[in-house]
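Everything on this sheet refers to the single structure shown next.
Residue numbers start from 1 in every chain, and the chains themselves are labelled A, B, ... in the order their sequence lines are given, proteins ahead of strands.
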Amino acid sequence: MLMFLSRRLGIMALTALCLTFVVFFLTNLEPNLEKLARSEGSVRMSDDQVTSWLEANGHARPLIMRYGEWLGVLPGWTRDVDGSVTGRCIRGGLTAETAPTRCGVLQGNWGQSSVFKRPVGEIMGRSLAATGWLMLWVMIVMVPSALLLGVLAGMREGTRTDRALSTVAIATTATPEYVSGVILIVVFASATAGISPVLAEWGWISGRTLFQGTATSAMDKITFWNFGLPVLTIALYGMGYIARMTRASMTEVMTAQYIRTARLKGVKFRDVVIRHALRNALIAPFTVIMLQFPWLLNGVVIVETLFNYKGFGWTLVQGAGNNDIDLLLSCSVVAVIVVLVTQLISDIGYAFLNPRIRIS
Amino acid sequence: MEPLGWGGIFARMAIQFWPVWAALIVTFAVSIHQKRKLGLYGKLFDSPIGMIGFAIVMFWVFTALFADLIITQDPLVQISSMKNKPPGEAAPEGSSYAYYLLGGDNLARDVFSRMVMGARRVLAIAPAATAFAFMVGITLGLPAGYFGGRLDTGLSFLANLVLAFPVILLFYLLVTPEIRDTGIPIILAAVLFIFPVIFFITLFNSRYFTDPPKRNLFIGITLVLGLWAYSGLAFNMDPLGVWSMDPNLLNVFVAVVFVNAPTVFRIVRGIVLDLRSRDYVAAGQTRGEGAWYIMLWEILPNARGPLIVDFCLRIGYTTILLGTLGFFGLGVSPESPDWGSTINDGRRLLSIFPHPAVVPAFALMSLVLGLNLLADGLREESLRD
């Protein structure tokens, strides 16, 4: 077990290193840096001025060195022009003597956002907290309903219930977030279409719409009316997939010998499903739910953009759209870590849950 | 003129779609009549779910083919008085059709015609990109699963690397105007587009290497056609100017293939790992057949069931990805009628004028749903034998 863990952790670290390097390379391409120079310096800089700006800010050196500095394994650059020393780590009241030699991600220095003009660490902390709430509610809605749907469909294979529920599951997987989000907004949060005008006319709702079409106010206070639609949008897309996996696993378990034995013994069908089948049928969906996290990340980006909720996804879009290199890099580090950690958890959890698998 | 009611709108739309209905009826009549002779495709018509899925998919395929006959207005022309008008509004005198059947968008263009033209756009890219991803995945997945060892470890590591990227992040990094200046899309295209050529050369070489004249003929044809298309598509240097790709489109295409290929690789590798221990493979090895012959002519045909099913699902997924790209306004021109960017345009005024966004949203949903149902039907029928 320890060998397995350390091997997995090693591969994980290697993957994270490779991925961050790729992201670093792609965000620090020549045109991006030029754009950065023009937006930070002045729009009307000549090409020579851009080159000298890049040199003065330490962007003109080999990529691998800059990556090392960003990571914090190489000492940050310093530059001595006529006695005034500038450098990567020298800022915010620090002088050349007091500044640390290394300041990168490993030292907890995530850089400065060029869009929001604030430290990236602070922005990331706030947006991750916001997204955490979103994810939490998505999980609370999605997982139980998906499992219920899958178990109900899979416990009697081929019946009408099974057909109907499976079609529902297929339909939700076929509806990406930007489609279901748009439809949900039109149906529940539009003042001119959907059910809101009718409800308002009947006097059932006090406002003009039933749900709110944006989730901006949920940053301060989460209510059912401002958070319902974004949560539902993400949960719907993921739900179908988990439900289908649960159904497949459930139908397989229901044909197993021990289920037949239990039935022949005279155990009630409900007890067979709940006591005997359910536990074994839920092993496969566990992995699927864990591997669903990277997909949820996609959903989060789309939904936060659509509903204007200022969480991780919204920050990523802002960073990418405005060429904010440090912010984009931190976003990708977080995303990559989330993906890798969930993969690890799903592997380990699978081994724990399934007694037939032994890790050596 | 009076605006149309919903009944009138649907009746007129149904009439506009007449080439599609005609083609659908012919397809279904012929297929159901001949279904016993058509193999897996024929068996599809035994499953109601598969048939519904097939009908939806073919509806959009025919819509894309006959788009020029179906559209009522030029999808790019703006008639300023029609801005944000609701469905069924009468168009002013002199336009090519009396109504804007599904209303006008915020640039006063006809939503219905844009949706129809969008089908052509989506169906031109999604299946082709999926096919390329399959070529890459199969060409790499077969040897990885069959030989195993270092090759497998290395390729799997690379595949997992790409898969660990959140797709949207990858799109934001790969599909930007800046990246086009650096030439990275062209390098990626050069790598990815060579795989079909490699695939077909190995395919023919392993089959006909005992019959050199035939082999040379086939490989010659592959090389000429393949490299001709390759030079045009990847480098835009086709001497005859037949094959070419808009740099914007190339960027999108490459990104989508790049995202899909590792998953296909993993699927193919998994199937090969399973099939490798079969008796017919051992028999082939004993007969002294080459490794590539066994992989391409014995293992691959036996893996076709799951691969065809995944192909259908993956076209749907690719459609979703293309929509995502459009939704974030990446890599498409603002004029483009493709569904993702139309949804993106429409969402700004969504709560006041819902129709410009809802129409392409339903179109996209129905196409993906059709592909999913089709895949489901195919899976059921292919498991039956």
Non-hydrogen atoms of chain B under 4.5 Å away: do they reach the side chain of Val22(A), the backbone, both or neither? side chain

Tell me if the OH atom of Tyr241(A) is crowded by more than 12 foreign heavy atoms within 6.0 Å. no

Quick check: does any side chain N or O of Tyr178(A) sit under 3.5 Å from a backbone N or O of Ala361(B), one acting as donor and the other as acceptor? no

Mind ranking Leu173(B), Ile320(B), Leu369(B) by heavy-atom pairs under 4.5 Å with chain A and telling me who comes out on top? Ile320(B)

In the structure I gave you, are the side-chain heavy atoms of Phe157(B) and Cys18(A) within less than 4.5 Å of one another anywhere? yes

Side-chain heavy atoms of Leu328(A) within contact of Tyr172(B), under 4.5 Å: no

Can you say whether Leu297(A) sits under 4.5 Å from chain B via the side chain, the backbone, both, or neither, judging by heavy atoms? side chain

Could you tell me which portion of Ile183(A) (side chain, backbone, both or neither) has an atom closer than 4.5 angstrom to a non-hydrogen atom of chain B? side chain

Residue part contacting chain A, namely of Leu170(B), when any heavy atom lies under 4.5 Å: neither

If you look at every heavy atom in Val182(A) and Ala357(B), which pair is closest and at what distance? CG1-CB, 4.0 Å

Max heavy-atom pairs within cutoff under 4.5 Å with chain B, candidates Glu30(A), Gln343(A), Glu177(A), Lys35(A), goes to Lys35(A)

If you count heavy-atom pairs within less than 4.5 Å of chain B, which of Val23(A), Thr175(A), Leu19(A) leads? Leu19(A)

For atom CZ of Arg379(B), is the number of surrounding heavy atoms from other residues, nucleotides or ligands below 6.0 Å larger than 12? yes

Evaluate the side-chain proximity of Arg347(B) to Ile185(A): yes if any heavy-atom separation is below 4.5 Å, no if none is. no

Side-chain heavy atoms of Val368(B) within contact of Thr173(A), under 4.5 Å: no

Look up atom OG1 in Thr305(A) and atom CZ in Phe328(B), then write down how far apart they are to the nearest 0.5 Å. 4.0 Å

Shortest non-hydrogen contact from Ala164(B) toward Leu340(A): CB-CD2, 4.2 Å

Tightest non-hydrogen contact, residues Pro166(B) and Asn298(A), listed as C-OD1, 4.2 Å

Give, as side chain, backbone, both or neither, the part of Ala189(A) having an atom under 4.5 angstrom from any heavy atom of chain B. backbone

Quick check on Asn344(B) against chain A: is it the side chain, the backbone, both or neither that has a heavy atom closer than 4.5 Å? neither

Chain B contacts, top residue of Leu306(A), Val338(A), Thr167(A) (heavy-atom pairs, under 4.5 Å): Leu306(A)

Among the listed options Asp376(B), Thr324(B), Thr182(B), Ile343(B), the residue most often paired with chain A at heavy-atom distances under 4.5 Å: Thr324(B)

Tell me, do Ile168(B) and Ile302(A) make a side-chain contact under 4.5 Å, heavy atoms counted? yes

Side chains of Leu29(A) and Ile184(B) in contact at under 4.5 Å (non-hydrogen atoms): yes

With respect to chain A, which residue among Phe353(B), Phe362(B), Phe165(B) yields the maximal number of heavy-atom pairs within a distance under 4.5 Å? Phe165(B)

Side chain, backbone, both or neither: which part of Phe188(A) has a heavy atom under 4.5 Å from chain B? neither

